[in-house]
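What follows is a single structure, written as structure tokens, with notes after it.
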Amino acid sequence: MPVEFLGIAATGDGSETTPRSTAAFDRDYTLRLARAHEDHGWDRVLFAYGAGSPEPAAAAAFLVSHLDRLQILLAHRPNVSYPTFAAKTFATLDQISDGRLTVHFITGGSDHEQQREGDFLSKDERYERTREYIGIVKKAWTSREPFDHEGAHYRFNDFVSDVFPVQQPRPGVSFGGSSDAAYAAGGAEADVYCLWGEPLARTAEQIERVKEAARAAGRTDVPRIQVAFRPIIAPTEELAWEKAHRTVAAIKARRESGDLVRRGRPLGAAAPENTGSQRLIEIAEAGERYDRALWTPTAAATGGAGNSNALVGTPETVAEALLDYYDLGVDILSARGYHLLDDAIDFGRHVIPIVREEVAKRDAAKAAAVAERAERDRHQLIAVQA
């Protein structure tokens, strides 16, 4: 199966290791970072969402107007707009980008962050709302006739959009989460299910949970799987590990100074509410190194914040580690370094080509095996008929 690479479409140059030196929305930096991805083999970039951050749909429209190939994964929280309005926004952006949009629906793992924009629902209620919201958006994308809706969270009559996506029947829907409610909602509605990087065995367990949820929802297909990492690469293993320890030291220094803030609070100041971050902390407490290259101190240093487990090593080592996940059934690999621009270029130059070449070899070997089996079956059938 084909493999895709997802990077980050940051509108400023800050990270957990270095404070931002740009404006919150810096046009030149936003475009320079995206071009670095487009020029170095990445397939798409994520526009993330934060309560106080630049509005991602507008930033994405700016980006796709300047680039020809790079695809967009647009993060969206259902609490910030009505689903019919959101469906028109997404369809318009898909038109602007000529069909390069996927939408990532975020339910919200932090009550504090949700409440910053007026969302006071409980976590389970938020998942229920997200599932209803996605269903409405999908119908608005595809229905040419007016329709009514009356659900637990939304009610309207006689809606029909006048703008439809380029992609038919609709753009892709991306979703993430590690709780039972998340698996149920994403298993039912997602085309792509997103996970944070965990040890291989635990990732395999999560993939099976997603498949079970899809089957429970009555689906005959299953979502594609995406897994996210923070790669730390260098020409030698020794240099990569030195870089990894410098990275964690920088994160800790910023955190201890109170300079490292996310979503209005010092990073790691309180125990995380979301299951995904709790899992990252649990994994980090159980050990620092897993499998071929997974390293957890980056996650521990941030209190399990988001995508924070690292893959450490030479480009060859990190590529082999990513291929281990590919062999589990992961076909979208998300990666974001700590120096956004330089790391996007280095990863694109040195890691992506290795992974793509090895995936091509694996796919060719599988195709050959299928052809050989079919030929063997044909000969057996001929022998029986004779």
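None of the values given here were measured: they were computed from a predicted structure.
Here side chain to side chain donor-acceptor pair (under 3.5 Å) pairs that include residues 310-330, with residues two or more places apart or in two chains, are Glu237-Thr314, Glu237-Thr317, Arg292-Asp324, Thr314-Glu316, Thr314-Thr317, Tyr326-Asp363, Asp327-Arg362.
Here Arg131 pairs with nothing under the salt bridge (Lys or Arg N to Asp or Glu O under 4.0 Å) rule; sequence neighbours left out. Remark: Thr17 engages Ser15 in a side-chain hydrogen bond (donor to acceptor under 3.5 Å, both in side chains) (not counting sequence neighbours). Partners of Lys138 according to the salt bridge (Lys or Arg N to Asp or Glu O under 4.0 Å) rule, which considers only residues two or more places apart in sequence or in another chain, are Glu189. For Ala234, the side-chain contact (heavy atoms from CB on, under 4.5 Å) partners at least two apart in sequence or on another chain are Leu239, Ala240. With sequence neighbours excluded, the residues that form a salt bridge (Lys or Arg N to Asp or Glu O under 4.0 Å) with Glu208 are Arg215. Residues satisfying the salt bridge (Lys or Arg N to Asp or Glu O under 4.0 Å) test with Lys366, not counting sequence neighbours, are none. Val166 pairs by the side-chain contact (heavy atoms from CB on, under 4.5 Å) definition with Asp94, Gln95, Asp98, not counting sequence neighbours. For His37, the ring pair (Phe, Tyr, Trp, His ring centres under 6.0 Å) partners two or more places apart in sequence, or in a different chain, are Trp42. Residues passing the ring pair (Phe, Tyr, Trp, His ring centres under 6.0 Å) test with Phe156, sequence neighbours excluded: Phe147, His149. With sequence neighbours excluded, the residues forming a ring pair (Phe, Tyr, Trp, His ring centres under 6.0 Å) with Trp295 are Trp241, His245, listed by chain and number.
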Going by atom type alone, with no hydrogens or angles, which donor-acceptor pairs under 3.5 Å involve a side-chain atom of residues 24-32 and a protein atom two or more places apart or on another chain?
{"residue": "Asp26", "atom": "OD1", "partner": "Asp28", "partner atom": "N", "Å": "3.1"}
{"residue": "Asp26", "atom": "OD1", "partner": "Tyr29", "partner atom": "N", "Å": "2.7"}
{"residue": "Thr30", "atom": "OG1", "partner": "Asp26", "partner atom": "O", "Å": "2.8"}

